[in-house]
Number of protein chains: 2
Amino acid sequence: MAEAPTRTPRERYRTQVRAEVKERAWEQIATAGAPALSLNAIAKQMGMSGPALYRYFASRDDLMTELIKDAYRSLADTFASASKPGADLAVMAHALREWALDDPQRYLLIYGTPVPGYHAPDDVTEIAAEIMAILLDACAALPLTPSPGGPATTSHEPLSGGPATPPDGPPATSFEAHLEGHREWAAGHPATPAVLHRALVVWTRLHGVLSLELAGHFTGMEFDPALLYAAELDDLLAR
Amino acid sequence: MAEAPTRTPRERYRTQVRAEVKERAWEQIATAGAPALSLNAIAKQMGMSGPALYRYFASRDDLMTELIKDAYRSLADTFASASKPGADLAVMAHALREWALDDPQRYLLIYGTPVPGYHAPDDVTEIAAEIMAILLDACAALPLTPSPGGPATTSHEPLSGGPATPPDGPPATSFEAHLEGHREWAAGHPATPAVLHRALVVWTRLHGVLSLELAGHFTGMEFDPALLYAAELDDLLAR
DNA sequence: GATCCTTAGTTAGAGGCTATCACGAACGTT
DNA sequence: AACGTTCGTGATAGCCTCTAACTAAGGATC
């Protein structure tokens, strides 16, 4: 979305064309899915013929990765602005859902089926890290009150957070112990293993509900996905 | 996978060719993704030219939906055989993960990005219902021991299961109350709202971890997804 | 066994797509 | 005014899906 500051009228025109191409691309993706995206069709829509667009995008894949980057950027921005005031995880989760429902295919472009060998370019993983940092902040700011964590009945380990394990205490579960030794992905962020665990769980659980909802796996069922999402969020905030 | 019992040698040959086509299709999907599936390429691989395969599959989409159905069938079968003895949810979850990792694109064909307007045919939704029934059985058989559910500190509602709400008691959370009025999707299954909720949560949480892992979103991070999956499963079994 | 019908496979072809190339036209700069 | 850069064109090659007409082979029937 954010192009370089246009100077000459030529650059101005160029960026304007690129933006229009992307716009039409998003329309195509929203209505027919990413695989149906066609540079050719976009060119015809814009009144020019076929190969003209190759002056603006090196290839179809090039356009795709740029769209993916824009999607990440958009997500990071909405995430950032939702966490502005007090880093409330609840409003972030709500913003995430709004953003996803606003354009399901955009969400799925990021979190849906990838092409098997795909490896995201560096600038994209940077934005992903930016998103993760925001999530970590929000999880670190979370009041890790005791709440559940009664005496563990079996070998089952509750998510840490009980009275015996304050937020900055030692890892309370084996996975958090594992995280203590594998936290390079959160390097630069002063988060305890419990916070890392919390962030991962927030991510996977919200994505789990959202993904199935967007893919239409709840359509036959009559319950309201929003309530399931809210229940999961509630459970995440309760512990 | 399960073709009709072949009688005449002609039918025999026909089903054999169809099976080989599907096999090659799965190879293509596994290596290049579903959008790259090409009837033409498969035909050439099999030594015949172009349109020959249209005698066996009405269209590319026809082949695709049949592959999707087979994927569902395969998942339902592994699920069923994993729940045979005592319907242990843990072994089912493990079987699910094994099945998914065995062919990520097959999993993603079911649970990944769909084409926007897609509506699954009836025989597919039937298999999906079959899978859900197995999951519901397993969740109903779960020992819903008290465990967490201490005094709810805020307005947050724990997943029901505390001493005050036995498995067959009244709904303990607002979402479960909602489910009580929207349980047509589990019609024919004598499950309490708490069990329905549990089934949905098992589904979404395991899918959340699995989906992100298969899509490669954990690759940059050094932790072991298997342990996160195990931790989530543990948490599901603990309550 | 000869006939006939069904099925399997062929080539040809329309129309879509990505992508490259060579050419002409417009533009801004010098 | 002349020049080099940039933009758009048509032509072309090579994929793809899918239809149509034709041929060859298989099985059933008389």
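These figures come from a predicted structure and were not determined experimentally. Just so it is clear: chains get the letters A, B, ... in the order the sequence lines come, proteins before strands, and each one is counted from 1.
In terms of phosphate contacts, Arg14(A) brings no side-chain nitrogen or oxygen within less than 4.0 Å of OP1 or OP2 of dT6(D). An OP1 or OP2 oxygen of dG8(D) is reached within less than 4.0 angstrom by a side-chain nitrogen or oxygen of Tyr13(A). Contact annotation: Ser49(A) does not reach the phosphate of dT9(D) (side-chain N/O to OP1 or OP2, under 4.0 Å). Within the 4.0 Å cut-off from OP1 or OP2 of dC15(D), not a single side-chain nitrogen or oxygen of Ser38(B) is found. Side-chain N/O atoms of Lys44(B) include none lying less than 4.0 angstrom from OP1 or OP2 on dG14(D).
Rounded to whole angstrom, the span from the CG atom of Leu39(B) across to the C1' atom of dC18(D) amounts to 10 Å. In this entry the distance linking CZ of Phe57(A) with P of dC17(C) reads 17 Å, nearest Å. Rounded to a whole Å, the CG atom of Leu37(B) is 16 Å from the C1' atom of dC17(C). Asn40(B) places its CG atom 17 Å from the P atom of dC17(C), with the value rounded to the nearest Å. The distance between atom CD1 of Ile42(A) and atom P of dC17(C), rounded to the nearest whole Å, is 10 Å. Per the geometry, CG belonging to Leu53(A) stands 9 Å off P belonging to dT18(C), to the nearest Å. If you measure from atom CZ of Arg18(A) to atom C1' of dT6(D), you get 15 Å, rounded to the nearest angstrom. One atom, CD of Glu11(B), and another, C1' of dG26(D), lie 14 Å apart when rounded to the nearest Å.
Ion pairing of Glu130(B) with Arg73(B) is present here, as a side-chain N (NZ or NE/NH1/NH2) and a carboxylate O approach within less than 4.0 Å. Of the charged side-chain nitrogens involved, none lies within less than 4.0 Å of a carboxylate oxygen, so that Arg106(B) and Asp70(B) do not count as a salt-bridged pair. Ion pairing of Arg97(A) with Asp102(A) is absent here, as no side-chain N (NZ or NE/NH1/NH2) approaches a carboxylate O to less than 4.0 Å.
Close placement of the His197(A) and Phe175(A) rings is indicated, their centers lying within 6.0 Å of each other. In this structure, His217(B) has its ring center under 6.0 Å from that of Tyr111(A).
For the pair Arg183(A) and Phe223(B), the cation does not sit on the ring face, since its NZ or CZ is not both under 6.0 Å from the ring centre and inside 45° of the axis.
Across the interface with DNA chain C, nearest-nucleotide mapping of Ala41(A) and Ala58(A) shows Ala41(A) to be the residue nearer the 5′ end. Both Asp61(A) and Met48(B) lie close to DNA chain C; mapped to their nearest nucleotides by heavy-atom distance, the more 5′-ward contact belongs to Met48(B).
Among dC18(D), dT20(C), dT9(D), the nucleotide with an atom closest to any side-chain atom of Pro51(B) is dC18(D). Checked against dC7(D), dA8(C), dC18(D), the side chain of Tyr56(B) finds its nearest nucleotide in dA8(C).
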A correct 5'-to-3' footprint of nucleotides 22-30 of chain C, with B, S and - meaning base, sugar-phosphate only and no protein heavy atom under 4.0 Å, is B----BS--
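Of the inter-residue distances, the one linking Ser38(A) atom OG with Gln45(A) atom CD reads 9.0 Å to the nearest 0.5 angstrom.
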